[in-house]
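Here the structure is a predicted model, which means the values were calculated and not measured.
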Amino acid sequence: QVQLVESGGRLVQTGDSLTLSCQASGRTGRNYAMAWFRQAPGKEREFVTGLIWTDGLRYWADDVRGRFAISRDKDKANLTLQMNNLKPKATAMYYCAGSGREQIPVTDRGSYEYWGRGTKVLVSS
(Lines give C-alpha, C1' and ligand atoms only; values in the text may rest on other atoms or scores of the structure.)
Protein backbone atom coordinates (compact mmCIF):
# COMPACT_ATOMS: atom_id res chain seq x y z
CA GLN A 1 0.00 0.00 0.00
CA VAL A 2 1.22 3.47 -0.95
CA GLN A 3 -0.08 6.75 0.36
CA LEU A 4 0.28 10.00 -1.56
CA VAL A 5 -0.26 13.44 -0.09
CA GLU A 6 -0.21 16.60 -2.19
CA SER A 7 0.50 20.07 -0.89
CA GLY A 8 1.19 23.58 -2.12
CA GLY A 9 -2.04 24.51 -3.88
CA ARG A 10 -3.32 28.05 -3.34
CA LEU A 11 -4.72 31.15 -4.99
CA VAL A 12 -2.29 32.84 -7.38
CA GLN A 13 -2.44 35.51 -10.07
CA THR A 14 -2.09 35.09 -13.82
CA GLY A 15 1.60 34.89 -14.70
CA ASP A 16 2.66 33.63 -11.29
CA SER A 17 4.67 30.51 -10.58
CA LEU A 18 3.72 27.82 -8.11
CA THR A 19 5.28 24.59 -6.89
CA LEU A 20 3.27 21.58 -5.80
CA SER A 21 4.65 18.67 -3.83
CA CYS A 22 3.61 15.04 -3.53
CA GLN A 23 4.94 13.04 -0.61
CA ALA A 24 4.78 9.26 -0.88
CA SER A 25 4.85 6.88 2.05
CA GLY A 26 4.28 3.20 2.69
CA ARG A 27 5.64 0.49 0.40
CA THR A 28 7.24 2.73 -2.22
CA GLY A 29 10.17 0.50 -3.20
CA ARG A 30 8.41 -0.95 -6.25
CA ASN A 31 7.34 2.39 -7.71
CA TYR A 32 7.57 2.58 -11.51
CA ALA A 33 5.84 5.76 -12.66
CA MET A 34 4.42 8.87 -11.08
CA ALA A 35 2.38 11.65 -12.58
CA TRP A 36 0.30 14.74 -12.01
CA PHE A 37 -3.28 14.97 -13.18
CA ARG A 38 -5.75 17.80 -12.82
CA GLN A 39 -9.49 18.15 -12.85
CA ALA A 40 -11.36 21.39 -13.36
CA PRO A 41 -15.00 21.78 -12.30
CA GLY A 42 -17.27 19.97 -14.74
CA LYS A 43 -14.34 18.44 -16.62
CA GLU A 44 -12.70 15.04 -16.77
CA ARG A 45 -9.45 14.38 -14.98
CA GLU A 46 -6.61 15.00 -17.42
CA PHE A 47 -2.94 14.19 -17.60
CA VAL A 48 -0.53 17.04 -16.93
CA THR A 49 2.96 15.55 -16.67
CA GLY A 50 4.59 12.35 -15.48
CA LEU A 51 7.84 10.42 -15.28
CA ILE A 52 9.42 7.01 -15.04
CA TRP A 53 10.81 6.80 -11.53
CA THR A 54 14.03 4.93 -12.32
CA ASP A 55 15.43 6.78 -15.33
CA GLY A 56 13.52 10.06 -15.10
CA LEU A 57 11.99 9.96 -18.59
CA ARG A 58 9.43 12.77 -18.74
CA TYR A 59 6.05 13.15 -20.42
CA TRP A 60 3.96 16.31 -20.81
CA ALA A 61 0.57 17.34 -22.01
CA ASP A 62 0.92 19.59 -25.05
CA ASP A 63 -0.48 22.66 -23.33
CA VAL A 64 2.01 22.59 -20.44
CA ARG A 65 5.23 21.60 -22.18
CA GLY A 66 7.81 24.34 -21.69
CA ARG A 67 5.96 25.89 -18.73
CA PHE A 68 5.56 23.03 -16.26
CA ALA A 69 8.36 20.82 -14.97
CA ILE A 70 8.22 17.58 -13.03
CA SER A 71 10.99 16.26 -10.80
CA ARG A 72 11.51 13.59 -8.19
CA ASP A 73 13.70 12.94 -5.19
CA LYS A 74 14.28 9.20 -5.01
CA ASP A 75 15.67 9.19 -1.48
CA LYS A 76 12.82 11.25 -0.08
CA ALA A 77 10.10 9.62 -2.22
CA ASN A 78 8.90 13.07 -3.21
CA LEU A 79 7.48 14.37 -6.47
CA THR A 80 7.37 18.04 -7.41
CA LEU A 81 5.43 19.99 -10.02
CA GLN A 82 6.87 23.39 -10.92
CA MET A 83 4.33 25.54 -12.75
CA ASN A 84 5.38 28.75 -14.46
CA ASN A 85 3.43 31.51 -16.18
CA LEU A 86 0.11 30.25 -14.89
CA LYS A 87 -3.12 30.96 -16.75
CA PRO A 88 -6.70 30.89 -15.45
CA LYS A 89 -7.29 27.66 -17.39
CA ALA A 90 -4.86 25.96 -15.01
CA THR A 91 -7.40 26.35 -12.22
CA ALA A 92 -8.13 22.82 -11.04
CA MET A 93 -7.67 20.23 -8.37
CA TYR A 94 -4.24 18.72 -8.90
CA TYR A 95 -3.72 15.05 -8.11
CA CYS A 96 -0.58 13.02 -7.63
CA ALA A 97 -0.65 9.44 -8.93
CA GLY A 98 1.68 6.47 -8.70
CA SER A 99 1.99 3.03 -10.26
CA GLY A 100 4.00 -0.05 -9.39
CA ARG A 101 3.33 -1.66 -12.75
CA GLU A 102 5.94 -1.52 -15.51
CA GLN A 103 5.43 -0.71 -19.17
CA ILE A 104 2.20 1.17 -18.65
CA PRO A 105 1.01 4.21 -20.61
CA VAL A 106 2.16 7.05 -18.38
CA THR A 107 -0.42 9.49 -19.73
CA ASP A 108 -3.41 7.23 -19.00
CA ARG A 109 -5.17 7.76 -15.68
CA GLY A 110 -6.15 4.08 -15.70
CA SER A 111 -2.49 3.13 -15.33
CA TYR A 112 -2.26 4.35 -11.75
CA GLU A 113 -3.03 2.39 -8.61
CA TYR A 114 -2.41 5.11 -6.06
CA TRP A 115 -3.87 8.59 -5.84
CA GLY A 116 -3.67 11.49 -3.47
CA ARG A 117 -6.72 13.46 -2.46
CA GLY A 118 -5.62 16.51 -4.42
CA THR A 119 -4.53 20.07 -3.81
CA LYS A 120 -6.47 23.00 -5.23
CA VAL A 121 -4.92 25.62 -7.50
CA LEU A 122 -6.87 28.75 -8.38
CA VAL A 123 -5.42 31.17 -10.92
CA SER A 124 -7.07 34.57 -10.84
CA SER A 125 -7.02 36.91 -13.84
Side-chain angles (χ1 to χ4, degrees):
Q1 185 71 24
V2 175
Q3 296 81 46
L4 304 175
V5 180
E6 305 95 335
S7 62
R10 62 180 178 89
L11 172 66
V12 298
Q13 304 296 317
T14 296
D16 283 356
S17 296
L18 185 65
T19 300
L20 306 182
S21 179
C22 171
Q23 183 62 55
S25 61
R27 303 187 68 180
T28 61
R30 290 174 281 102
N31 187 52
Y32 175 70
M34 295 191 73
W36 290 94
F37 289 76
R38 66 186 178 189
Q39 187 167 18
K43 303 294 184 180
E44 294 186 357
R45 191 170 299 185
E46 65 177 3
F47 175 79
V48 179
T49 182
L51 57 75
I52 305 299
W53 192 254
T54 53
D55 62 15
L57 182 63
R58 265 79 161 169
Y59 302 78
W60 297 269
D62 289 341
D63 61 337
V64 305
R65 184 179 286 107
R67 297 188 298 109
F68 290 10
I70 187 171
S71 62
R72 91 288 201 204
D73 187 320
K74 291 183 179 180
D75 293 332
K76 297 180 179 179
N78 185 267
L79 188 76
T80 298
L81 176 64
Q82 176 65 51
M83 302 183 289
N84 299 316
N85 193 21
L86 283 164
K87 309 296 184 183
K89 66 180 179 180
T91 294
M93 187 73 72
Y94 283 73
Y95 297 92
C96 178
S99 178
R101 302 189 296 268
E102 297 187 11
Q103 304 301 319
I104 49 88
V106 174
T107 62
D108 188 350
R109 64 187 178 186
S111 297
Y112 295 91
E113 307 164 68
Y114 308 108
W115 294 84
R117 293 194 297 169
T119 185
K120 188 176 182 179
V121 175
L122 197 159
V123 184
S124 178
S125 61

Checklist entry - When rounded to the nearest 0.5 angstrom, what distance separates CD in Gln82 from CG in Leu20? => result 9.0 Å
Next on the checklist: Would the distance check show the side chain of Arg30 and the main-chain N or O of Gly100 forming a donor-acceptor pair, the cut-off being under 3.5 Å?
Outcome noted: no
Item to check | Gap separating the CD atom of Gln23 from the CG atom of Leu79, nearest 0.5 angstrom | outcome: 10.0 Å
Next on the checklist: Suppose the criterion is ring pair (Phe, Tyr, Trp, His ring centres under 6.0 Å): which pairs have a residue in residues 81-125, not counting sequence neighbours?
Outcome noted: Phe37-Tyr112, Phe37-Trp115
Item to check | Under the side-chain contact (heavy atoms from CB on, under 4.5 Å) test, residues paired with Gln103 that sit two or more places apart | outcome: Tyr32
Checklist entry - Which residues satisfy the salt bridge (charged side-chain N to carboxylate O under 4.0 Å, His left out) test with Asp62, sequence neighbours excluded? => result Arg65
Item to check | Within residues 70-89 or reaching into it, pairs that qualify as salt bridge (Lys or Arg N to Asp or Glu O under 4.0 Å) - sequence neighbours excluded | outcome: none
Next on the checklist: Which heavy atom of Ala24 sits nearest to which heavy atom of Leu4, and what is that distance?
Outcome noted: CB-CD2, 3.6 Å
Checklist entry - What about Val64 and Val106, same hydrophobic cluster or not, with Ile/Leu/Val/Met/Phe/Trp/Tyr joined at side-chain heavy-atom distances under 4.5 Å? => result no
Checklist entry - Do side-chain atoms of Thr119 reach the backbone of Glu6 as a donor and acceptor pair under 3.5 angstrom? => result no
Next on the checklist: For residues 28-74, which residue pairs pass the disulfide (SG to SG under 2.5 Å) check, not counting sequence neighbours?
Outcome noted: none
Checklist entry - Do Gln1 and Ser25 pass the side-chain contact (heavy atoms from CB on, under 4.5 Å) test, and can you show the C-alpha distance, the side-chain angles, and the key distance before you say yes or no? => result CA-CA 9 Å; Gln1 185 71 24; Ser25 61; over 6 Å; no
Can you give each donor-acceptor pair under 3.5 Å made by side-chain atoms of residues 11-18, sequence neighbours left out, with the distance rounded to 0.1 Å?
| from | atom 1 | to | atom 2 | distance (Å) |
| --- | --- | --- | --- | --- |
| Thr14 | OG1 | Ser124 | O | 3.1 |
| Asp16 | OD2 | Gln13 | N | 2.9 |
| Ser17 | OG | Asn84 | OD1 | 3.0 |

Item to check | Those residues that, when tested against Ala40, pass side-chain contact (heavy atoms from CB on, under 4.5 Å) (two or more places apart) | outcome: Lys43, Ala92
Item to check | Selection residues 55-85 - residue pairs positive for ring pair (Phe, Tyr, Trp, His ring centres under 6.0 Å), sequence neighbours left out | outcome: none
Item to check | Listed once per pair and sorted, the disulfide (SG to SG under 2.5 Å) pairs that draw on residues 61-125, sequence neighbours left out | outcome: Cys22-Cys96
Checklist entry - Taking all atoms of both residues into account, what is the closest heavy-atom pair of Ser125 and Pro88, and its distance? => result CB-CG, 4.1 Å
Checklist entry - At what distance, to the nearest 0.5 angstrom, does CG of Leu122 lie from CE of Met93? => result 10.5 Å
Checklist entry - Taking only residues two or more places apart in sequence or in another chain, which ones pass side-chain contact (heavy atoms from CB on, under 4.5 Å) with Ser21? => result Ser7, Asn78
Checklist entry - Nearest heavy-atom pair of Thr28 and Ala77: which atoms, and what distance? => result OG1-CB, 4.4 Å
Item to check | Inter-residue atom distance Thr80.OG1 - Ile70.CD1, 0.5 Å rounding | outcome: 8.5 Å
Next on the checklist: If hydrophobic clusters are built from ILVMFWY residues whose side chains come within less than 4.5 Å, do Leu51 and Met83 share one?
Outcome noted: yes
Item to check | Partners meeting side-chain contact (heavy atoms from CB on, under 4.5 Å) with Glu46 (sequence neighbours left out) | outcome: Arg38
Checklist outcome for this item: Residue set satisfying salt bridge (charged side-chain N to carboxylate O under 4.0 Å, His left out) with Arg101, at least two apart, ordered chain then number -> Glu113
